[in-house]
Amino acid sequence: MELRFFEIYRSPEYLGIIFDGALTSLGLTIASGVLGFLLAFVLAAVRFWQVPLLNYISAAYIDFIRNTPLIVQLFFIAFGLPLLFGYVWPFWCHALLALTINFSGYFAEILRSGFASTQKGQLEAAAALNLSNKTIFNSIIIPQTLIKMFPSLSSQFIFLFLTTGVISEIGVEDLTHAGLYIDSRTFRSFEVFITLTALYVAFALMLKGILQFIFAKTLGRRVA
Amino acid sequence: MPKGAKNIIVKMEKVNKWFDDFQALCDVDLTIFEGERIVVCGPSGSGKSTLIRCLNGLEAHQSGDISVHGTELRGDAQSVRQVRDNVGMVFQQFNLFPHLTVLENCTLAPINNGKMDAQAAYDKAMTYLKRVQIPEQADKLPGQLSGGQQQRVAIARALCMEPKLMLFDEPTSALDPEMIKEVLDTMVSLAEDGMSMICVTHELNFAKRVAHRIIFMDKGRIVEDQPPADFFKKPKSPRAKLFLEQILSH
Ligand SMILES: Nc1ncnc2c1ncn2[C@@H]1O[C@H](COP(=O)(O)OP(=O)(O)OP(=O)(O)O)[C@@H](O)[C@H]1O
Ligand SMILES: [Mg+2]
């Protein structure tokens with residue numbers, strides 16, 4: 001077989017599609033990563049403080065998200081809910097909502113286990129110093145959890161980024177969608193998907209680098 | 001008893017404490033006056049830690065009365081808070097907050113408990129860090145210090161709350177031998193300043209030097225309560241005799 005990468009690379013149209021697709025994938029991943037993380041924080045905090053009722057709702061939510069396929073969640077949110085409630089959103093909004101919900105379940109589980117694994121000695125010292133529950137949570141449990149769980153949170157985020165390709169199934173023109181489109185026009189499957197693979201790897205490494213940079217400049221300074 | 005002392009700082013009457021159906025404290029009666037220094041010793045599992053942890057509400061007792069600096073511990077959050085305001089505690093494993101600098105470890109409680117503003121807390125922390133002779137480590141993280149230094153920071157952290165009573169639970173047991181002295185020296189200097197303290201330790205020389213009374217526990221009971229000279233020379237109970245023989249034999 002003859003490799004003909006130039007069939008893709010010399011076409012400004014295809015390059016533009018890939019570029020736009022990459023921006024969409026990265027933008028949606030980062031936005032849902034941030035929103036999902038904030039939601040996860042609330043979910044995990046509710047469980048940690050055993051807030052009546054919300055505690056159980058949060059636990060059920062986390063279990064439900066982590067035990068159903070992303071694509072099913074996506075279809076439910078993109079096709080099921082709008083039918084049920086009669087609203088019309090652009091595709092990317094469905095994707096943002098679905099990814100946020102999906103990410104939040106995974107992040108919440110990591111944060112929850114981090115909160116729960118705070119060392120007993122730390123809590124006893126804090127209690128002996130008469131720190132309020134709020135101070136103990138904000139100044140001891142949260143920072144220690146973020147430090148301890150950073151590697152898990154980071155690799156979970158990268159993994160979730162790599163699963164975002166399924167949003168092309170509901171018509172979002174992301175990076176995977178760009179590949180599928182160019183493939184259908186050129187039949188250069190090998191070249192197209194090699195290109196896609198390289199881009200996903202590059203972006204995954206880039207996201208990981210950014211997270212590590214942010215960590216090193218903030219909580220990373222607090223690790224002896 | 002130290003000269004002129006008459007205020008009672010700790011009073012325990014008929015205190016009983018169970019962990020499920022295991023009784024960890026049995027009918028403990030104990031009165032400690034302000035300025036007194038008590039060393040608690042006894043075999044492993046005899047209830048030494050439980051005793052002092054009951055004094056700041058880290059463990060709740062099930063019957064009997066405990067009052068500390070005039071506040072009775074009734075098991076409600078308010079009395080526990082009030083007591084902890086007056087009691088500092090130092091743990092075997094230091095329990096410093098690893099993500100906070102030495103200085104932040106010392107200022108966290110005073111600032112967040114509304115005791116003082118940031119500047120006053122900083123000044124206080126530096127005063128006590130000088131006291132324990134590590135002001136130059138103020139901006140380091142605990143993990144960058146030796147065990148002996150960490151324990152001295154833990155002492156400074158507790159002192160920043162201006163406690164009336166200090167509790168020590170085997171403060172030197174987790175230290176390498178060459179670091180034990182620096183921590184004991186810090187405690188001796190605290191003793192010389194008249195701090196009331198209860199110290200669980202097996203450092204018998206320290207006990208001889210600073211303790212007014214030695215309390216020996218066995219199976220949840222206080223079986224001896226004597227000045228060190230008497231305790232070491234003529235322990236009353238066979239259990240204490242055996243304990244001293246074992247400890248002095250190495
Ligand atoms: N949280 C707990 N749950 C159940 N049992 C406990 C608990 N804490 C202590 N105990 C038991 O209570 C008894 C007294 O424990 P404590 O820690 O007070 O002993 P100690 O005299 O301090 O011993 P050591 O010298 O080993 O520190 C022990 O038998 C211990 O197993
Ligand atoms: Mg103990």
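Below, chains carry the letters A, B, ... as their sequence lines are ordered, and counting in each starts from 1.
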Specify the closest pair of heavy atoms between B:Gly143 and A:Ala224, including all atoms of both residues, with the distance to one decimal. CA-CB, 3.6 Å
Compare every heavy atom of A:Gly121 with every heavy atom of B:Asn95, then report the nearest pair and how far apart it is. ND2-O, 3.1 Å
Under 4.5 Å from a heavy atom of chain A, the part of B:Val90 involved: neither
Residues B:Ala109 and A:Leu129: closest non-hydrogen pair is CB-O, 3.8 Å
Over 12 non-hydrogen atoms of neighbours within 6.0 angstrom of CD in B:Gln78: no
Is it the case that more than 12 heavy atoms not belonging to A:Tyr9 sit under 6.0 Å from its OH atom? yes
Pick whichever of B:Gln144, B:Gln93, B:Gln92, B:Arg157 has the most heavy-atom pairs under 4.5 Å with chain A. B:Arg157
If you count every heavy atom of other residues, nucleotides or ligands that lies below 6.0 Å from B:Gln133 atom CD, does the total exceed 12? no
Other residues, nucleotides, ligands: >12 heavy atoms within 6.0 Å of A:Tyr56 OH: no
Determine the minimum heavy-atom distance between B:Phe91 and A:Ala125, stating which atoms define it. CE1-CA, 3.7 Å
Using modelled atom types and a 3.5 Å cut-off, is there a donor and acceptor pairing between side-chain atoms of B:Asn112 and backbone atoms of A:Thr135? no
B:Lys115, NZ atom: more than 12 neighbouring heavy atoms under 6.0 Å: yes
Quick one: do B:Met89 and A:Glu124 satisfy side chain to side chain contact (heavy atoms under 4.5 Å, CB included)? Show the steps, please. CA-CA 10 Å; B:Met89 187 164 204; A:Glu124 287 185 347; over 6 Å; no
What part of B:Leu96 gets closer than 4.5 Å to chain A, counting heavy atoms only: side chain, backbone, both or neither? backbone
Heavy-atom pair with the smallest gap, counting every atom of B:His99 and A:Arg222: O-NH1, 2.6 Å
Which atoms of B:Arg53 approach chain A - backbone, side chain, both or neither, heavy atom under 4.5 Å: side chain
Side chain, backbone, both or neither: which part of A:Ile147 has an atom under 4.5 Å from a heavy atom of chain B? side chain
Chain B contact via A:Ser139 - which portion, at a heavy-atom distance below 4.5 Å: both
Surrounding CD of B:Glu162 (heavy atoms of other residues, nucleotides or ligands, distance under 6.0 Å), is the total greater than 12? yes
Counting only heavy atoms not in A:Phe75, do more than 12 fall under 6.0 Å of its CZ? yes
Atom pair CG/CD1 of B:Leu108 and A:Ile136 - distance to nearest 0.5 Å: 9.5 Å
Once you round to the nearest 0.5 Å, how far does CG of A:Asn130 lie from CG of B:Asn113? 5.5 Å
Quick check on A:Phe215: does its CZ atom have over 12 non-hydrogen neighbours (other residues, nucleotides or ligands) under 6.0 Å away? yes
Rounded to the nearest 0.5 angstrom, the CZ-CG distance for B:Arg84 and A:Leu131 is 10.0 Å
Ignoring hydrogens, what is the shortest heavy-atom contact between A:Ala128 and B:Asn56? Give both atom names and the distance. CB-ND2, 3.8 Å
